[in-house]
Amino acid sequence: MLDMQLIRKSPEEVEQALSRRGEDTSLELILHLDETRRKLLQETESMRANQNQLNRLVGRAKGTHTTDDLSALVEQVRLMGYDVGPNIASTQEHFADFLVHLGRETLSRAIDEQQADIRRLGKELESLLLYLPNLPHSSVPSGTEDEDNVTVRAWGEPPTFSFTPRPHYEIGECLDIIDFERGVKLSGTRFYVLKGAGARLQRALITFMLDIHTREHGYTEAYLPFMVKQECLVGTGSLPRFGDNLYHDAEEDYWLVPTAEVPLTNLHRNEILEPGTLPLSYTAYTACFRREKMAAGKETRGLKRGHQFDKVEMYKFTKPDHSYEELEKLVGDAEDIVRRLGIPYRVRMLCVGEMGFQSAKSYDIDVWAPGVGEWLEASSCSNCTDFQARRTHIRYRPEPGARPQFVHTLNGSGLALPRMVIAILENYQRADGTVAIPPTLQPYMGTEVIS
RNA sequence: GGAGAGGUGUCCGAGCGGUUUAUGGAGCCGGUCUCGAAAACCGGUGCCCGUUUAUGCGGGUCGAGGGUUCGAAUCCCUCCCUCUCCGCCA
């Protein structure tokens with residue numbers, strides 16, 4: 001969610017930033033609703049102030065707890081601008097009845113009506129704000145196409161083969177470690193079963209990644225719910241705009257997480273983090289569930305894009321002025337994993353049109369897959385600035401006693417498991433059909449080769 | 001899933017229609033006193049929104065959301081959570 005104060009103060013700049021994303025947004029309606037609501041709010045609040053004052057006088061006139069001089073009370077009502085008739089203050093009780101009547105006629109009903117309007121305007125305003133994406137950082141390149149992403153660095157040499165390297169789905173079936181047919185039997189298209197060394201390879205990778213992140217990169221491991229409440233998804237920005245990519249339980253308010261980013265963001269929802277606690281770094285393994293409504297073909301072949309996949313996620317809550325340097329570290333932590341596994345990769349800064357809804361700046365890490373002959377996105381690391389923090393009310397206190405401010409949130413895959421399984425199978429395949437295991441992974445795998 | 005008890009500020013804990021404009025205590029911050037500290041005493045101490053910015057002023061906030069009322073922490077309804085017992089289960 002964008003800062004309403006910012007929209008109010010510099011609408012042109014906000015519109016311009018949004019148009020860079022290719023969002024053709026007019027803030028006119030938002031500004032109008034905001035202004036109308038605030039005007040009404042001021043009116044209502046001043047009426048309420050009068051009502052509060054009047055109500056206190058009713059209590060005193062009734063003398064439930066104290067006795068007051070009647071004429072002093074009458075004088076106060078006159079000072080509030082009300083016309084008090086000469087006979088109305090004949091007795092305490094009579095006067096109290098007069099005040100009750102006055103409150104009902106002049107204030108109470110009007111407040112009720114306006115309050116309903118304010119609430120309606122507020123909801124309308126919020127629902128519009130929830131549809132606006134984050135503002136891109138100035139360093140983010142323009143463009144909306146894949147070619148507009150900027151490769152910032154690359155590592156490793158694509159391996160050369162004395163034979164035509166095969167795609168992972170062929171390797172997997174030959175070695176009997178990926179069973180596509182039975183996956184479909186169980187759950188339909190876009191599901192598969194990992195067997196034997198295939199299942200073990202994925203599990204080894206998960207443990208390896210978590211070990212490195214927790215022991216060497218300073219992250220705290222978390223085990224999270226795979227199902228969350230709807231408000232968690234609103235908090236990250238997945239809802240209300242992108243609900244068609246999510247699975248949810250029709251009977252109860254449970255949504256399957258599309259990424260660990262969702263539960264991780266909401267871990268500190270509605271909290272004020274005390275001074276000295278930032279940055280907070282978490283890593284978590286979860287399964288991820290996505291509808292990914294796309295036609296079958298190259299994009300979904302093999303392990304590339306299933307409805308369910310595993311991922312190790314990295315996540316940070318930081319102070320606003322440190323978030324961009326933390327983003328660089330986050331990308332570095334993901335790269336470290338790929339490098340230790342000896343997989344050639346490139347890091348690309350995403351152009352403004354390719355970034356996620358909630359991101360202000362993103363880097364993708366693509367790993368080379370020689371079998372399918374393409375770069376596969378194995379990680380996406382984003383600085384979401386205060387966009388998610390506003391939606392989830394996550395703040396921090398800069399100094400003891402200081403006013404709370406919104407934190408910045410960052411997320412990054414560290415890494416997506418199926419794509420890494422693909423990369424290992426395809427990069428480490430041998431002429432005899434077996435697959436070598438990267439040396440760093442061998443202790444986790446308990447073997448040097450899959451045959 | 002069933003029955004009962006309960007959710008009040010950073011914490012403990014009163015209040016059960018109107019000087020509560022949330023009592024009291026602890027903690028924290030500042031001050032007085034002191035060579036300094038402790039104690040004692042005095043004052044302050046949440047969060048959100050609006051307005052104004054030098055303070056300030058107003059509104060909201062007692063698990064959440066509705067309702068009754070001139071007025072709700074207090075009464076009513078719905079929901080959430082915690083605890084105890086029973087049931088069920090990995």
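Every heavy atom of this structure was used, including side-chain atoms; hydrogens, water molecules and symmetry mates were not. Throughout, protein chains are lettered first and strands after them, A, B, ... in sequence-line order, and every chain is numbered starting at 1.
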Do L264(A) and N411(A) come close enough that some side-chain heavy atom pair is under 4.5 Å? no
Side-chain touch K361(A)/M349(A), heavy atoms, less than 4.5 angstrom: yes
Going by salt bridge (Lys or Arg N to Asp or Glu O under 4.0 Å), name the pairs with one or both residues in residues 192-201 of chain A, residues two or more places apart or in two chains. D176(A)-K195(A), D179(A)-K195(A)
Does any pair with a residue in residues 396-407 of chain A pass salt bridge (Lys or Arg N to Asp or Glu O under 4.0 Å), and if so which ones, sequence neighbours excluded? E274(A)-R397(A)
Provide a list of protein-nucleic acid N or O atom pairs under 3.5 angstrom, restricted to nucleotides 47-54 of chain B.
from    : atom 1 : to      : atom 2 : distance (Å)
rC47(B) : OP1    : R397(A) : NH1    : 2.9
rC47(B) : O3'    : R395(A) : NH1    : 2.8
rC48(B) : OP1    : R395(A) : NH1    : 2.6
rG50(B) : OP1    : R8(A)   : NH2    : 3.3
rU51(B) : OP1    : R38(A)  : NH1    : 2.6

Rounding to an integer number of Å, can you tell me how far [X] [atom1] sits from [N] [atom2]?
X       : N       : atom1 : atom2 : answer
R104(A) : rU69(B) : CZ    : P     : 9 Å
E274(A) : rU10(B) : CD    : P     : 10 Å
R269(A) : rC80(B) : CZ    : C1'   : 12 Å
L102(A) : rC70(B) : CG    : P     : 13 Å
I118(A) : rG59(B) : CD1   : P     : 14 Å
M47(A)  : rG71(B) : CE    : P     : 13 Å
Q51(A)  : rU69(B) : CD    : C1'   : 10 Å
R56(A)  : rG58(B) : CZ    : C1'   : 11 Å

Does any nucleotide pair with [N] by Watson-Crick or G-U wobble geometry, both distances under 3.5 Å, and what is it?
N       : result
rA22(B) : none
rG58(B) : rC49(B)
rG65(B) : rC77(B)
rA14(B) : none
rG43(B) : rC29(B)
rA3(B)  : rU84(B)

Could you measure between the two [atom1] atoms, the one in [N] and the one in [M], and give it in whole Å?
N       : M       : atom1 : answer
rG2(B)  : rG87(B) : C1'   : 8 Å
rG17(B) : rU21(B) : P     : 15 Å
rA38(B) : rU32(B) : C1'   : 15 Å
rA14(B) : rU8(B)  : C1'   : 9 Å
rG67(B) : rA72(B) : P     : 12 Å
rG7(B)  : rC75(B) : P     : 11 Å
rG9(B)  : rU20(B) : C1'   : 14 Å
rC48(B) : rC42(B) : C1'   : 31 Å

Hey, is the side chain of S108(A) poking within less than 4.0 Å of OP1 or OP2 on rG71(B), counting only N and O atoms? yes
Would you indicate, yes or no, if rG60(B) has its OP1 or OP2 atom less than 4.0 angstrom from a side-chain nitrogen or oxygen of N52(A)? yes
Enumerate all atom pairs, one protein N or O and one N or O from nucleotides 64-68 of chain B, separated by less than 3.5 Å.
from    : atom 1 : to      : atom 2 : distance (Å)
rG66(B) : OP1    : R119(A) : NH1    : 3.3

5'-most by nearest nucleotide on RNA chain B - A49(A) or V100(A): A49(A)
When you match H101(A) and N50(A) each to their closest nucleotide on RNA chain B, which lands nearer the 5' end? N50(A)
Fit a plane to each ring of F289(A) and F226(A), take the angle between them on a 0 to 90° scale, and name the class: parallel (under 30°), tilted (30 to 60°) or perpendicular (over 60°). tilted
Please identify each residue that fulfils ring pair (Phe, Tyr, Trp, His ring centres under 6.0 Å) with [X], with sequence neighbours left out.
X       : result
Y131(A) : none
Y324(A) : H137(A)
F387(A) : F357(A)

Test side chain to side chain contact (heavy atoms under 4.5 Å, CB included) applied to K293(A) - qualifying residues, sequence neighbours left out: D244(A), R291(A)
Are H268(A) and Y315(A) near enough that their ring centres are under 6.0 Å apart? no
Enumerate donor-acceptor pairs with a distance under 3.5 Å from any side-chain N or O in residues 208-218 of chain A to protein atoms, sequence neighbours excluded.
from    : atom 1 : to      : atom 2 : distance (Å)
D211(A) : OD2    : Y444(A) : OH     : 2.7
H213(A) : ND1    : H217(A) : ND1    : 3.1
H213(A) : NE2    : G414(A) : O      : 2.9
T214(A) : OG1    : L210(A) : O      : 2.7
T214(A) : OG1    : D211(A) : O      : 3.3
E216(A) : OE1    : R340(A) : NH2    : 2.5
E216(A) : OE2    : R340(A) : NH1    : 3.4
H217(A) : NE2    : D336(A) : OD2    : 2.8

